[in-house]
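Atoms within each ligand, like the ligands themselves, are counted from 1 in listed order.
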Amino acid sequence: MAENPTPQPESRGRRLFGWLDERAGLLTLWRTILARPVPRTNWLYTLGSASMILGALQGITGMLLTIYYIPSPDHAYDSIQYIMTEVTFGWLIRGIHHWGATLLVIVVFLHMLRTYFLGAYKFPRELTWLTGAVLLLGVLVMGFSGYLLPWNQKAYWASSVGTAVIGAPPVIGPLLLRIVRGGGEIGAVTLARFYGLHIWWAPAALVALVFVHLYLIIRIGITAPPQRDE
Ligand code: HEM
């Protein structure tokens, strides 16, 4: 029997999607960014996305911590104690942020090892590798600047040693040390500087770089795992 030729009315959802797509090009975005053909890969290829998810989690938990954290020598330590003992789920948010930082460094490092050992740094992906290397540096800067923020003994002395290393090179060392510490010793200005670096400068640079990294990955595509006879 012949099919009913009467056209079915479009559902509300479809019409809304069509309206949005016509104006914002949603389908093109979907096809370009997510529904691209990718080679058959394995779990090692998920480490880049895992880094991104961990980075996002750090961003969210960090934003939550700023609600109670106070970046001044008089209040920083107490505000962390308050988060840990008084704020509802404060211990969990801080715990995720604290351990997430270590996990992020490990996962980014493993991702770098994967791309290195599978030769993904070679032509035409040299720029992807370079942006990745700066990303790793950025993640380390985040870790270093965040370490001082609890303003406890460990934070203070680790940052004293860490910044002293920055001051070690001849000629420019003393100037670098003054810039990083904001004076001769670690104090209120250092804390303000590290806080600014930790919540604004480094994350802004990281987000921008992740976009460049992803743009290159979408443009060039990812490598396929090497075959037995390659
Ligand atoms: C915050 C840090 C980073 C994020 C969020 C990130 C994210 C990603 C993502 C999502 C991919 C595609 C999927 C995959 O291959 O896993 C990728 C690929 C790649 N990444 Fe990263 N990455 C980071 C750090 C690095 C580092 C440190 C390097 C090396 C120094 C690097 C070099 C590369 C290269 C060469 C590729 C292409 C891999 C291929 O074509 O097989 N990335 N990255």
Side-chain angles (χ1 to χ4, degrees), residues 25-66 93-149 162 165-166 180 194-230:
L26 298 182
L27 271 179
T28 318
L29 262 181
W30 164 261
R31 278 192 213 106
T32 323
I33 296 177
L34 292 168
R36 290 167 299 119
V38 287
R40 226 186 129 77
T41 52
N42 56 45
W43 282 96
L44 293 177
Y45 287 70
T46 59
L47 291 167
S49 308
S51 311
M52 230 158 43
I53 290 167
L54 281 172
L57 201 62
Q58 288 302 98
I60 294 165
T61 50
M63 280 159 79
L64 290 174
L65 287 174
T66 62
I93 302 293
R94 188 188 175 217
I96 295 174
H97 198 73
H98 180 92
W99 292 106
T102 307
L103 195 61
L104 178 62
V105 173
I106 295 173
V107 172
V108 170
F109 200 76
L110 289 176
H111 168 61
M112 181 181 73
L113 288 183
R114 193 289 279 169
T115 57
Y116 177 73
F117 282 112
L118 295 187
Y121 58 87
K122 295 179 194 169
F123 174 84
R125 295 183 180 79
E126 300 95 324
L127 258 187
T128 320
W129 171 268
L130 272 178
T131 51
V134 184
L135 274 172
L136 176 62
L137 207 71
V139 169
L140 295 177
V141 167
M142 286 295 288
F144 183 64
S145 54
Y147 208 88
L148 180 67
L149 303 186
V165 173
I166 297 172
V180 173
F194 276 40
Y195 184 63
L197 187 64
H198 192 73
I199 72 157
W200 284 117
W201 295 91
L206 276 175
V207 168
L209 260 175
V210 166
F211 271 107
V212 178
H213 201 63
L214 290 184
Y215 163 73
L216 291 169
I217 291 154
I218 290 166
R219 189 181 134 75
I220 303 168
I222 59 164
T223 51
Q227 300 302 307
R228 193 171 282 278
D229 52 356
E230 274 178 343

- [ ] Mind checking whether T223 contacts ligand 1 via backbone (N, CA, C, O), side chain (CB onward), both or neither, at a 4.0 Å heavy-atom cut-off?
- [x]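 Near ligand 1, T223 shows its backbone as well as its side chain.
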- [ ] Would you mind telling me if ligand 1 is within reach of the side chain of I222, the backbone, both or neither, using heavy atoms under 4.0 Å?
- [x]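 Contact part for I222 vs ligand 1: both backbone and side chain.
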Taking all non-hydrogen atoms of both residues, which atom of [X] and which atom of [Y] are closest, and how far apart?
| X | Y | value |
| --- | --- | --- |
| T223 | R114 | OG1-NH1, 3.8 Å |
| T41 | P225 | CA-CG, 4.0 Å |
| R125 | I222 | NH2-C, 3.6 Å |
| S51 | H111 | OG-CB, 4.3 Å |
| Q58 | I96 | OE1-O, 3.5 Å |
| P226 | L118 | CD-CD2, 3.9 Å |

Open item on the list: Can you check which of L44, T128, V107 brings a heavy atom nearest to atom 36 (C) of ligand 1?
Closed with: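 Answer by nearest heavy atom: T128.
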Task: Per atom 28 (C) of ligand 1, closest listed option by heavy atom (A224, P225, G132) - done: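 It is G132 that holds the nearest heavy atom.
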Open item on the list: To the closest 0.5 Å, what do you measure between CG (L216) and CH2 (W129)?
Closed with: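 It is 14.5 Å, given to the nearest 0.5 Å.
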Which protein non-hydrogen atom lies closest to [atom], naming both residue and atom, and how far is it?
| atom | value |
| --- | --- |
| atom 34 (C) of ligand 1 | T115 CG2, 3.4 Å |
| atom 12 (C) of ligand 1 | I217 CD1, 3.8 Å |
| atom 13 (C) of ligand 1 | Y45 O, 3.7 Å |
| atom 3 (C) of ligand 1 | L135 CD1, 3.7 Å |
| atom 24 (C) of ligand 1 | H111 CD2, 3.5 Å |
| atom 2 (C) of ligand 1 | V108 CG2, 3.7 Å |
| atom 32 (C) of ligand 1 | H213 CE1, 3.6 Å |
| atom 38 (C) of ligand 1 | R114 NH2, 3.5 Å |

Task: Geometric N/O contact Y121 with ligand 1, under 3.5 angstrom - done: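 No: no nitrogen or oxygen of Y121 is under 3.5 Å from one in ligand 1.
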Check ligand 1 against [X] and write out every atom of the ligand that is under 4.0 Å from a heavy-atom position of the residue.
| X | value |
| --- | --- |
| A133 | 30 (C) |
| S51 | 4 (C), 5 (C) |
| R125 | 40 (O) |
| L136 | 27 (C) |

TODO: Answer with yes or no whether G55 contacts ligand 1, where contact means a heavy atom under 4.0 Å from a ligand atom.
DONE: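 No heavy atom of G55 comes that close to ligand 1.
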- [ ] Assign the ring pair H198 / H97 to parallel, tilted or perpendicular, where the plane angle (0 to 90°) is split at 30° and 60°.
- [x]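 The arrangement is perpendicular - the two ring planes meet at more than 60°.
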TODO: Check L136, L135, V107 against M112 for a side-chain contact (heavy atoms from CB on, under 4.5 Å) and give me the one that passes.
DONE: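 Of L136, L135, V107, side-chain contact (heavy atoms from CB on, under 4.5 Å) with M112 is met by L136 alone.
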Task: side-chain contact (heavy atoms from CB on, under 4.5 Å), paired with L104, selected from L57, V139, I53 - done: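 Looking at L57, V139, I53, the match for L104 under the side-chain contact (heavy atoms from CB on, under 4.5 Å) is V139.
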Task: F144 ring center within less than 6.0 Å of F194 ring center - done: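 Yes - the distance between ring centres of F194 and F144 falls below the 6.0 Å cut-off.
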